[in-house]
Structures are given as structure tokens and as C-alpha cells.
Amino acid sequence: RLIFNIILNILAVLYPFLLMGIYQVWGLDAAIYFLMSFFAARAIFSPKEKRKISFLVAGIGLSLASVALGMDSAKALLYYPVCMSVIFFFYFSSSFFADATVVEKIAEKMDKDFNDDARPYCRRVTGLWCCFFIANAAVAVWTCQAGEINKLWTFYNGFLSYVLMGCLMGGEYLYRRFVVKRRIEI
């Protein structure tokens, strides 16, 4: 079950490339039925602690696939990355109303020496991530407007958005580790 979930997570990251490849080789119906099977499998085999989010994501994916099937167009399938950015935006922004933001929770897990003085910084970083997800969703919508499944959409949603996310994550981690930590210790 663990290996199957790892494979499903890898397939989720590769969604744009899988969609483009299946669509180009076997056509729209094959892409839709593959994605329907994929989203159903993600919901069914998700770990219990991730069941709610897995059902939400699967519901969105199945809904988009159903719309694509009904319209006989791949256009709806392109909006999956947009939906994921919007979900992450709401997840991160809603954490402002909790005891700790998403970034605070992550920082506490990663840093044994996490100090309460770093909490305001982590709250600002949570806001930065919210801005990133809004911008990412906007660019993803723009790539969707370029037509059916194409290289621009695949490049941005399957590669560049992940690179940008990794740069933000890595840059923030290094900044927090070396700059913020020194300021707090002084």
C-alpha cells in the first residue's frame, strides 16, 4: 500500500506530462479514463490521515474529467493545476486563524531548536506562500487559455511551477536557517 501511494504521488506530480503524452498518443478518451482511474485510486488508497484532502482532490479531478468527457474537450483537464494552487492558497491562508500557521508547523518539525521568536517571521512566510499560490494559479489560468493541451501549459504546470516552488522553499529555508536564526540568537 505504501509503494502504491508513492507511485500515485509521483504520478500526481507528473500529471501535466502524463496528460499530454496520453492525449497525444491515445487521444482524449484514453486520457480522461486514465485520469478518472487515477483520481479514484488516489481517493480509495489514501492513508486515513490524508483521507479528507484526498477525497477533495479526487473529487475535483473526477469533476474536471467528467466535464471534459461531457464537452468532448481536454480544456477542463487543464484546470487541475489551477485548482490545486487555489486549494493550497486556502489551506495556507486558513492557517492564519489557527494556533500555528502551516509554515510554523513545518519549521517546528524541521528545526529542533525552533524558537517562539521565529513565529512572526513564519507568519510572514505563510503570507508569502499565499501570494505565491495566487500568482501560480493566475499563471496556470493564463496557460490554460493558450488552447488545448500544449507545450506551454505542460512546461509551466509540469516543470517551471515546481522549480519556482522549490526555489521559494529552499531559499526560505536557507534564509530562516542562517539569517533569521542569527537574529533571534543575538
Side-chain angles (χ1 to χ4, degrees), residues 1-16 38-39 42-61 63-64 78-144 153 155-186:
R1 194 171 178 120
L2 174 66
I3 292 173
F4 190 65
N5 276 310
I6 290 170
I7 291 169
L8 288 174
N9 286 330
I10 291 169
L11 292 176
V13 170
L14 296 175
Y15 175 89
F38 166 74
F39 288 119
R42 262 198 100 167
I44 293 166
F45 295 105
S46 65
K48 284 186 179 181
E49 65 275 2
K50 294 182 180 179
R51 193 74 27 103
K52 284 182 184 177
I53 191 70
S54 294
F55 273 78
L56 174 64
V57 170
I60 290 169
S63 297
L64 293 172
L78 301 178
Y79 286 88
Y80 179 74
V82 175
C83 294
M84 293 304 97
S85 284
V86 170
I87 286 172
F88 277 110
F89 166 75
F90 281 115
Y91 179 66
F92 274 66
S93 63
S94 68
S95 74
F96 281 116
F97 304 103
D99 292 335
T101 63
V102 172
V103 173
E104 287 174 78
K105 290 176 185 176
I106 293 169
E108 285 175 337
K109 286 181 182 176
M110 290 179 70
D111 189 357
K112 296 173 191 171
D113 302 324
F114 184 79
N115 188 319
D116 280 347
D117 293 337
R119 289 192 189 285
Y121 167 77
C122 289
R123 292 185 74 75
R124 287 192 303 274
V125 172
T126 300
L128 177 64
W129 274 104
C130 289
C131 292
F132 173 82
F133 290 125
I134 290 169
N136 193 54
V139 174
V141 165
W142 176 75
T143 65
C144 293
W153 178 84
F155 174 74
Y156 181 77
N157 294 290
F159 176 72
L160 190 56
S161 67
Y162 289 111
V163 169
L164 294 172
M165 206 176 303
C167 288
L168 178 56
M169 191 180 307
E172 186 282 320
Y173 173 76
L174 291 172
Y175 182 79
R176 179 172 24 94
R177 194 90 174 119
F178 296 109
V179 177
V180 174
K181 193 168 187 168
R182 283 191 191 138
R183 285 184 188 163
I184 291 170
E185 290 173 353
I186 292 175

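This chain uses plain numbering: 1 for the first residue, then up along the sequence. Here the structure is a predicted model, which is why all the values come from computation and not from measurement.
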Original post:
Do L164 and F132 pass the side chain to side chain contact (heavy atoms under 4.5 Å, CB included) test, and can you show the C-alpha distance, the side-chain angles, and the key distance before you say yes or no?
Top reply: CA-CA 9 Å; L164 294 172; F132 173 82; 3.9 Å; yes
Could you state the interatomic distance from [atom1] ([X]) to [atom2] ([Y]), rounded to the nearest 0.5 Å?
X	Y	atom1	atom2	answer
E49	S54	CD	OG	9.0 Å
F88	N136	CZ	CG	10.5 Å
L168	Y175	CG	OH	13.5 Å
S46	I53	OG	CD1	10.5 Å
T143	Y156	OG1	OH	8.0 Å
F133	S161	CZ	OG	10.0 Å

Original post:
Using the ring of each side chain (for Trp, its six-membered ring), is W153 parallel, tilted or perpendicular to Y15, with breaks at 30° and 60°?
Top reply: perpendicular
Original post:
Any donor-acceptor pair under 3.5 Å linking the side chain of N5 with the backbone of F45?
Top reply: yes
So which heavy atom on [X] is nearest to which on [Y], and how close?
X	Y	answer
A43	R51	O-NE, 4.0 Å
V102	T126	N-OG1, 4.4 Å
C122	A107	SG-CB, 4.0 Å

**OP:** Before giving the answer on salt bridge (charged side-chain N to carboxylate O under 4.0 Å, His left out), spell out for R124 and E172 the whole-Å C-alpha distance, their side-chain angles and the decisive distance to 0.1 Å.
**Re:** CA-CA 11 Å; R124 287 192 303 274; E172 186 282 320; over 6 Å; no
Return the set of residues passing side chain to side chain contact (heavy atoms under 4.5 Å, CB included) with [X] (not counting sequence neighbours), or none when no residue passes.
X	value
L174	F178
M169	W129
N9	R42

Subject >> Atom OH of Y162: over 12 foreign heavy atoms under 6.0 Å >> reply: yes
Original post:
Do other residues, nucleotides or ligands put more than 12 heavy atoms under 6.0 Å from the CD1 atom of I6?
Top reply: yes
Side chains of [X] and [Y]: closer than 4.5 Å at any heavy-atom pair?
X	Y	result
I60	I87	yes
I106	V103	no
F96	C130	yes
F92	T101	no

